[in-house]
Amino acid sequence: MTSEIVIIGGGVIGLAIAIELKMRGTNVTVLCRDFQAAATHAAAGMLAPDAENITNEAMRSLCWRSRALYPDWTTKLEELTGLNTGYRACGILAPVFEEAVGQGSREQGAGSRGKGQNFSPLHPSHCPPASSPAYWLNKEAIHQYQPGLGAEVVGGWWYPEDAQVDNKALAHVLRTAAECVGVELKDGITVEAFLQQQGQVVGVQTNVGIIRAAHYVLASGAWSNELLPLPVRPRKGQMLSVGIPEFAPDLPLKRVLFGQNIYIVPRRDRLIIGATSEDVGFTPNNTPDGIQKLLQAAIRLYPQLKDYPIQEFWWGFRPATPDELPILGTSHCQNLTLATGHYRNGILLTPITATLIADLILEQKPDPLPLLADFHYSRFQSQPSTSTQMLTHSANFSNGNRPAISSLPIQDSPLIIAGKTFQSRLMTGTGKYRSIEEMQQSVAASDCQIVTVAVRRVQTKAPGHEGLAEALDWTKIWMLPNTAGCQTAEEAIRVARLGREMAKLLGQEDNNFIKLEVIPDLKYLLPDPIGTLQAAEQLVKEGFAVLPYINADPMLAKRLEEVGCATVMPLASPIGSGQGLKTTANIQIIIENANVPVVVDAGIGSPSEAAQAMELGADALLINSAIALSPNPAAMARAMNLAAVAGRLAYLAGRMPIKDYASPSSPLTGTITN
Ligand SMILES: Cc1cc2nc3c(=O)[nH]c(=O)nc-3n(C[C@H](O)[C@H](O)[C@H](O)COP(=O)(O)OP(=O)(O)OC[C@H]3O[C@@H](n4cnc5c(N)ncnc54)[C@H](O)[C@@H]3O)c2cc1C
Ligand SMILES: CC(=O)[C@@H](O)[C@H](O)COP(=O)(O)O
């Protein structure tokens, strides 16, 4: 199947972008694992930039813009589908149980802070921005304005411009609208990996095969980290609803109540009560503790609901980022756009996200205001990356009279593995060093950004692996846990899971990389191709970026790529043998056919062999023994670094043709004769 644009994820964000793109004349397909299993359905539907007290200026501005789009946007969707979204400009009331110092005496009754007025924040937790109106209501005013509030409420803020939408209804309307305008919706499709080649996504690997498009949008919410190493993590929220009984006055609650760690959202016939905020991964289910806390807080805020019939419990996973801002805009691949990480405000941010992302993709009108700049994924990268840059990493010849590489007329793109960008093309290991200090010096001298670590040896504190975790600065070096010592697929899968935890423990929360080694043969250390393929398949399903160590077998390399591996790592010769490149012909075939980076791993014994592998067109090298076993490991590490850069440069520059006969270097014509 080929579509112009494929969107991964069918929550509000994916669907709204799809409709926007389709309405502007593009063919769009939405691939979704499960339309129902989405934060979209679990949310409360508050459109609450003011009540949420958003402090980041760019985010506040984005939220206001989106809130302002809501009336027209929902009207258009409703006209298109004949369905109701439940959008209500009902305002949000934020009662408080304790008055901040000075608040009561300064604020008498309801009073506007007015646009642009300089207001000192008396109650910082609810201090809204200057350009969205907010009113302080004292005790008398708030109880009059909203009868039925708990007796302990001493006042509160009224945010008239905040609103709500029935998020479940909105999801239904969006799906219907998408169908009406001709978006192709595919439920039950799990995208397992992006297939990347030279800075482009060339397809997505799914449970039903490879699907290709000209452009891709990642909108897979809390699950985004399964596909790219983005720091998006699930933040669980539990919710419940109570019915509004017949004896209660019609819609007793006219506006959303937004308390501390609790909110109550009135719908036509029920009250939505939410929400917990739990860092428990994708742990499912409601818990007695969660529900009890919600009910207690809700009853304190609005006591009469204690007699309302409980209707439903549910939970969902907010897509949270470390700074709680979304990830929007371009990615490391030219044809992949990111729209994820909307955390607590994805329903609110849906219309503006759809508009800006469609502008970005179709009009290549990047963000004139700019609205997207603050939400670019690169804010999480320690080293800024660009899609194309000079080959400047490491080898710096500028000390002598030689030119710096950056001044050469040659362009290179960085090494990208599973969406993560690296400037260095040399990976090293940690084994076989005579001391931890030698290892540290060598890693530093190699200037590598990826270091592989044998999970089992760290776990068992094998010689040379004690204190390893502390020996390297994991804020600068990307850990590549490996499954060395595993003889079967099952063992490797188990150790890979431990490896992921190990990386997390060392602060690499979003590290899902695993170097897969399944090696039953202890004499030649040759990997088991079948076990490797089986383990790779499973690990890819579990969201790992799998880097499999293999014999240089082109067919196996292809199969591993097809199941979604992030690289292939063919051996040059047996691990630790230092025999150099013995598999050149097969590595050449692998390189020719690969759509993922090819990392030549194992057996390289000298810098000339490292350079030779890079000259073939390998994307990177993994070298351990040749460095660790050199009498001067740090110097050898540096030499390997230079060799990797030299080989890469030579590959990019292009080799001269080989000729059968000599050809004089000095021209024969125009020579001086006596
Ligand atoms: C309890 C709770 C309350 C909330 N309340 C509010 C609120 O009041 N106001 C507000 O603005 N926001 C609220 N939110 C946040 C809001 O729900 C989210 O920010 C928003 O739904 C994110 O939308 P999304 O489309 O990015 O992700 P989702 O809605 O989670 O959709 C992602 C979709 O991608 C699919 N998917 C994932 N991985 C893959 C894959 N590999 N292949 C194919 N498909 C895949 C999933 O199956 C899912 O259908 C709340 C969230 C929760 C959990
Ligand atoms: C450390 C590691 O992962 C090795 O198994 C890897 O294959 C490197 O091989 P050499 O030690 O031969 O460089």
Side-chain angles (χ1 to χ4, degrees), residues 7-17 30-49 52 63 66 164-165 167 171 186-193 204 206-207 218-227 232 234-239 256 263 265 272 274-277 314-320 326 339-350 353 427-432 451-454 480 482-484 515 517 519 525 543 549 569 571-579 601-605 621-629 640:
I7 295 176
I8 299 129
V12 271
I13 299 295
L15 288 173
I17 295 172
V30 176
L31 307 177
C32 194
R33 177 160 47 210
D34 182 350
F35 276 106
Q36 294 310 313
T40 293
H41 300 274
M46 291 181 295
L47 311 175
E52 284 272 344
C63 289
S66 205
Q164 66 153 305
V165 68
N167 47 290
K186 296 202 167 244
D187 204 0
I189 306 281
T190 297
V191 173
E192 292 164 353
V204 283
T206 75
N207 55 332
L218 179 75
S220 53
W223 297 269
S224 300
N225 177 259
E226 288 172 10
L227 294 173
V232 180
R235 183 69 58 81
K236 182 177 167 182
Q238 300 191 45
M239 306 267 291
V256 174
Y263 47 74
V265 183
I272 310 289
T276 62
S277 182
W314 67 94
W315 71 92
F317 300 106
R318 305 173 184 93
T340 181
H342 290 77
Y343 190 39
R344 302 175 60 89
N345 290 296
I347 306 292
L348 166 63
L349 287 172
T350 298
T353 301
M427 307 176 191
T428 65
T430 52
K432 299 184 183 168
V451 171
T452 188
V453 173
L480 175 57
N482 70 57
T483 63
K515 180 183 176 215
E517 294 185 15
I519 306 184
L525 293 180
Y549 167 66
M569 302 184 78
L571 56 84
S573 53
I575 293 177
S577 70
Q579 291 175 12
D601 176 19
I604 287 181
L621 306 172
L622 198 159
I623 305 175
N624 184 179
S625 304
I627 298 174
L629 300 181
M640 289 298 186

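The analysis underlying the following values was restricted to heavy atoms, covering all of them including side chains, and did not include hydrogens, waters or symmetry mates. Please read all numbers here as calculations on a predicted model, not as lab measurements. In each ligand, atom 1 is the first atom listed, and ligand 1 is the first ligand listed.
Nearest to atom 33 (C) of ligand 1 by heavy atom, out of Gly221, Gly10, Gly45, is Gly10. By heavy-atom distance, the residue among Ala39, Ala320, Gly9 lying nearest atom 17 (O) of ligand 1 is Ala39. Nearest to atom 46 (C) of ligand 1 by heavy-atom distance, out of Ala37, Ala38, Ala171, is Ala37.
Looking only at heavy atoms of the protein, atom 44 (N) of ligand 1 is closest to Arg33 N, 2.9 Å. Remark: minimum distance from atom 24 (P) of ligand 1 to any protein heavy atom is reached at Ile13 CG1, 3.7 Å. Shortest contact from atom 15 (C) of ligand 1 to any protein heavy atom: Tyr343 O, 2.9 Å. Residue, atom and distance of the protein heavy atom nearest to atom 11 (O) of ligand 1 are Leu348 N, 2.8 Å.
Between Asp601 and Lys515, at least one side-chain nitrogen of the basic residue sits less than 4.0 Å from a carboxylate oxygen of the acidic one, meeting the salt-bridge criterion.
With hydrogens and angles disregarded, a donor-acceptor distance shorter than 3.5 Å links the side chain of Thr276 to the backbone of Gln238. Judged by distance alone, the side chain of Arg318 and the main-chain N or O of Lys236 form a donor-acceptor pair under 3.5 Å.
Only the side chain of Leu227 comes within 4.0 Å of ligand 1, judged by heavy-atom distances. At a heavy-atom distance under 4.0 Å, only backbone atoms of Arg344 (N, CA, C or O) approach ligand 1. Residue contacts with ligand 1, taken as heavy atom pairs separated by less than 4.0 Å, involve Phe317 solely via the backbone atoms N, CA, C and O.
Distances shorter than 4.0 angstrom occur between a heavy atom of Tyr263 and an atom of ligand 1. Not a single heavy atom of Thr340 sits under 4.0 Å from any atom of ligand 1.
In this view, Asn345 and Glu52, Ile54, Met59, Leu348, Leu349 satisfy the side chain to side chain contact (heavy atoms under 4.5 Å, CB included) rule, not counting sequence neighbours. Every residue was checked against the side chain to side chain donor-acceptor pair (under 3.5 Å) condition with Thr206, not counting sequence neighbours, and none meets it. With sequence neighbours excluded, the residues forming a side chain to side chain donor-acceptor pair (under 3.5 Å) with Ser224 are Ser220, Thr340, listed by chain and number.
Using a 4.0 Å heavy-atom criterion, the residues that approach ligand 2 are Thr452, Lys515, Glu517, Ile575, Gly576, Asp601, Ala602, Gly603, Leu622, Ile623, Asn624, Ser625.
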